[in-house]
Amino acid sequence: MKAQLRELVLQAIKSLQNDTILPADLALPGFVIERARSREHGDFACNVAMLLAKLARANPRELAEKLVAALPANALVEKVEIAGPGFINFYLSPDAYHAEVRQIFDRGDAYGRSESGAGKTVGVEFVSANPTGPLHVGHGRNAVIGDCLSRLFDATGWNVKREFYYNDAGVQIANLAISVQARARGILPDDSGWPEKGYRGDYIADVARAYLDRESVVADGETVVGEGDVDNLDAIRRFAVASLRREQDLDLKAFGVGFDVYFLESSLYSDGKVEEAVKGLVDHGHTYESEGALWLRTTDYGDDKDRVMRKSDGTYTYFVPDVAYHLSKWQRGYENAVTVLGSDHHGTLARVKAGLQALDVGIPKGWPHYVLYQMITVMRGGEEVKISKRAGSYLTLRDLIDEAGRDATRYFLIARKTDSQLIFDIDLARSQSNDNPVYYIQYAHARVCSVLRQAPEKGFTVDLQEGLAHLDRLDTEHEQILLTELSKYPELVEAAAANLEPHILAAWLRELANAFHTYYNSYQFLVDDAALRNARLALVVATRQVLKNGLGLLGLSAPESM
RNA sequence: GCCCUCGUAGCUCAGUUGGAUAGAGCGGCCCCCUCCUAAGGGGCAGGUCGGACGUUCGAAUCGUCUCGAGGGCACCA
């Protein structure tokens, strides 16, 4: 709808230019067509006259008059008014909304999908947790954000690759290995022989036991068998990594999250990607040697100081493999790339981006996009739940899913802007009651199903085709509000994907559910007048479809009864 | 000290990229089942959009300063 109105306005501007009312060389201002905030202002409002007035030094209202006169006729538009300082308000015809309902029926599950991504490839990297422990709430937020973004990209015509990057060989992994080894030797976290930075959680003991029992684990397509030899640290490391990777995968699966690519940091070294990246940076003259180390001149790209790439002991600092990894994404044809990252890592962005620019291989400046999310405070019983990995006090993602359910956990973690700190109230999330907003949306879906189930029981026929032919019977205010909400869905999917903001979909689904519940409480759908009955049923079935599609984009179920 | 994010109702948060009278949920008070699940609906109360100055037709939104919260500022990852 919005796009069609925009086209009409553009034609009107062109027409005024032809009539020399507006200069032909006018730089087109970035005007907007937006949903009117209140129904008194019609359906859509356009601010173009006010912006043009400034450029053409004309009176905005007079210019609006001329623009309106030049607007081509269109069946969508019932009337156009000028209001306030020069807004052009569009009032859509009932036919415009009825056509939208027919669209929903025609396209079904595909309603709201678009081809704006044009089949280009986007790589979405998320979770990327190192296999040193179970996933916690923060990983959960990361997982839902990445998963919903992936779904949104898919819905807007992108070819999506979901990618999980992890370190299987660094300092943390060595620490994991010695922790498991200590446990396998019967040393407890408070004993004197316990490694200083060892991971203290109970899961370490579980891994140690499985290793000693020579169990086998399957992770990332490989089978690793515990050798049982307490002195073989390398075997312990491989077994521990595989064990924790498998646990994480089980948790993610329970959360409805999956990946196309698992990328190992160690492969960047074994495949020569790190050397390639370093060579690229050195060859382009963006590095220098100082104090026995190799430095990257990141200050050339807006960083506040230069960064060490290769330490004096010959090993690389962590951001070098990061640059190599992103280079690999670029080389694998990811025209767009999104990395979901906790905001505590935001300091690394500048140097990774600087490194990618310094490679000089044509990577655009804004590539990749980083979606940063703030930390989570978990509340239980009115008190903050403290999380400390090292101390072993842990609220795992699995705990949350078990307690609150997949849908509620996902909804709570996606319903807010990523860059606001969020408070996760476990008591609220696990409450199976009307306090819980996710059920409110799902209930709307279930209610439509319930109505359809009851129609034959009450002796009513359901003929949706007849309903679609009588949509003009939907003439109440409640019906108009619902029709309007439904028509917003394609715009919202587009906006949520383009702005990397899945939360706006979550917020809007609540509004759609509210419009439906209000309607439900105001009118009977199952009435004797067949044309009216079927028209109303067609409307609520369309609502059910859009609820289902929207819930699907958030990875939430659409239950038929509750 | 420097950098990033945030600050909107008692609480938790939206606010369509600068638009018209700032919204929702929870909590509080009041009302609605002879009726398709009341896991619902309607209403009332509740605001100096942290503060100040600026930019312009117009600011919660942009800029500068300031206060507050969180995070980042290692040859740690």
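Note on naming: letters A, B, ... go to the chains in the order of the sequence lines (proteins, then strands), and numbering restarts at 1 for each one.
- Counting any heavy atom pair closer than 4.0 Å across all strands shown, A:L492 reaches no nucleic acid atom.
- Of the nucleotides present, B:rG19 is the one that pairs with B:rC57 by Watson-Crick or G-U wobble criteria, both distances under 3.5 Å.
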Between protein and nucleic acid, restricted to nucleotides 19-22 of chain B and to nitrogen or oxygen atoms under 3.5 Å apart, what atom pairs and distances do you find?
residue: B:rG19; atom: N7; partner: A:N47; partner atom: ND2; Å: 3.4
residue: B:rA20; atom: OP1; partner: A:R37; partner atom: NH1; Å: 3.4
residue: B:rA20; atom: OP2; partner: A:R37; partner atom: NE; Å: 3.3
residue: B:rA20; atom: OP2; partner: A:R37; partner atom: NH1; Å: 2.6
residue: B:rA20; atom: OP2; partner: A:R37; partner atom: NH2; Å: 3.4
residue: B:rA20; atom: N6; partner: A:N89; partner atom: OD1; Å: 2.7
residue: B:rA20; atom: N1; partner: A:N89; partner atom: ND2; Å: 3.2
residue: B:rU21; atom: O4; partner: A:E40; partner atom: OE1; Å: 3.0

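- With sequence neighbours excluded, no residue satisfies side-chain hydrogen bond (donor to acceptor under 3.5 Å, both in side chains) with A:K311.
- Taking A:Y373 as the reference, A:N142 meet the side-chain hydrogen bond (donor to acceptor under 3.5 Å, both in side chains) condition, with sequence neighbours excluded.
- For the 3.5 Å distance criterion, the side chains of A:Y370 and A:H345 fail to qualify, holding no donor opposite an acceptor.
- If you check B:rG7 for Watson-Crick or wobble pairing at under 3.5 angstrom, you find it paired to B:rC67.
- Rounded to a whole Å, the CD atom of A:E501 is 17 Å from the P atom of B:rU61.
- Atom CG of A:L422 and atom P of B:rC26 are 19 Å apart (whole Å).
- Checking B:rU16, B:rU37, B:rG70 against every side-chain atom of A:Q421, the shortest atom distance belongs to B:rG70.
- When heavy atoms are screened at a 4.0 angstrom cut-off, A:D425 is found touching no nucleic acid atom at all.
- Comparing A:Y523 and A:I33, the nucleotide of RNA chain B nearest to each residue sits closer to the 5' end for A:I33.
- A:E511 places its CD atom 14 Å from the P atom of B:rA14, with the value rounded to the nearest Å.
- The ring-ring contact (aromatic ring centres under 6.0 Å, His included) test applied to A:F263 returns A:Y325, not counting sequence neighbours.
- Listed here is the closest heavy atom pair of A:G86 and A:A64: O-CB, 4.1 Å.
- No engagement by A:F319 is indicated, since no non-hydrogen atom pair under 4.0 Å with the nucleic acid exists.
- Checked against ring-ring contact (aromatic ring centres under 6.0 Å, His included), A:H369 has no partners two or more places apart in sequence or in another chain.
- Across the strands present, B:rA24 finds its partner in B:rU12; the criterion is a Watson-Crick or G-U wobble pair with both atom distances under 3.5 angstrom.
- Pair check for B:rC2 finds B:rG72; Watson-Crick or G-U wobble, both atom distances under 3.5 Å.
- Between the NE2 atom of A:H503 and the P atom of B:rG25 there is a distance of 17 Å, rounded to whole Å.
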Between protein and nucleotides 72-74 of chain B, what N or O pairs are separated by less than 3.5 Å?
residue: B:rA74; atom: OP2; partner: A:K305; partner atom: NZ; Å: 3.4

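- Within 4.0 Å (heavy atoms only), A:E291 reaches at least one base atom of the nucleic acid.
- Among the atoms of the strands shown, base atoms are found under 4.0 Å from some heavy atom of A:L526.
- Take A:S116 and apply the side-chain contact (heavy atoms from CB on, under 4.5 Å) test, not counting sequence neighbours, and it matches A:S114, A:T156, A:E494.
- Nucleic acid contact class of A:A53 (heavy atoms, under 4.0 Å, all strands): none.
- When heavy atoms are screened at a 4.0 angstrom cut-off, A:A293 is found touching base atoms of the nucleic acid.
- Regarding A:L52, its CG atom lies at a distance of 17 Å from the P atom of B:rG18, rounded to whole Å.
- Contacts of A:Y411 classified as ring-ring contact (aromatic ring centres under 6.0 Å, His included), with partners at least two apart in sequence or in another chain: none.
- One interatomic measurement links the two molecules: CE of A:M379 to C1' of B:rU12, which rounds to 11 Å at whole-angstrom precision.
- For B:rC76, neither phosphate oxygen OP1 nor OP2 lies less than 4.0 angstrom from any side-chain nitrogen or oxygen of A:K197.
- Summarising the geometry, the separation between NE2 on A:H445 and C1' on B:rG40 is reported as 17 Å, rounded to the nearest angstrom.
- Counting to the nearest Å, the P atom of B:rG23 and the CD1 atom of A:I481 are 15 Å from each other.
- Residue A:N167 is classed as a sugar-phosphate contact, given heavy-atom separations below 4.0 Å to backbone atoms only.
- A:R297 meets the side-chain hydrogen bond (donor to acceptor under 3.5 Å, both in side chains) test with no other residue; sequence neighbours excluded.
- A donor-acceptor contact under 3.5 Å is formed by the side chain of A:S312 with the base of B:rC75.
- Taking the side-chain hydrogen bond (donor to acceptor under 3.5 Å, both in side chains) definition, one finds that A:E100 meets it with A:Y111, sequence neighbours left out.
- No engagement by A:S522 is indicated, since no non-hydrogen atom pair under 4.0 Å with the nucleic acid exists.
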For nucleotides 31-35 of chain B, give me every protein contact, N/O to N/O, under 3.5 Å, one pair per line with atom names.
residue: B:rC35; atom: O2'; partner: A:Q524; partner atom: OE1; Å: 2.5

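- Ring geometry for A:W295 versus A:Y288: interplanar angle under 30°, hence parallel rather than tilted (30 to 60°).
- No engagement by A:R310 is indicated, since no non-hydrogen atom pair under 4.0 Å with the nucleic acid exists.
- Looking at heavy-atom distances under 4.0 Å, A:M562 makes contact with a base.
- Nucleic acid contact for A:I504: sugar-phosphate only, since backbone atoms but no base atoms lie under 4.0 Å from a heavy atom of the residue.
- Counting non-hydrogen atoms under 4.0 angstrom, A:S420 reaches the backbone sugars and phosphates but no base.
- A cation-pi arrangement is not found for A:R447 relative to A:F516, the charged atom failing to lie both closer than 6.0 Å to the ring centre and inside a 45° cone about the ring normal.
- Partners of A:E81 according to the salt bridge (Lys or Arg N to Asp or Glu O under 4.0 Å) rule, which considers only residues two or more places apart in sequence or in another chain, are A:K79.
- Between the side chain of A:N130 and the main chain of A:N167, a donor-acceptor pair closer than 3.5 Å is present.
- Between A:R447 and B:rA38, a side-chain N or O to OP1/OP2 separation shorter than 4.0 Å is present.
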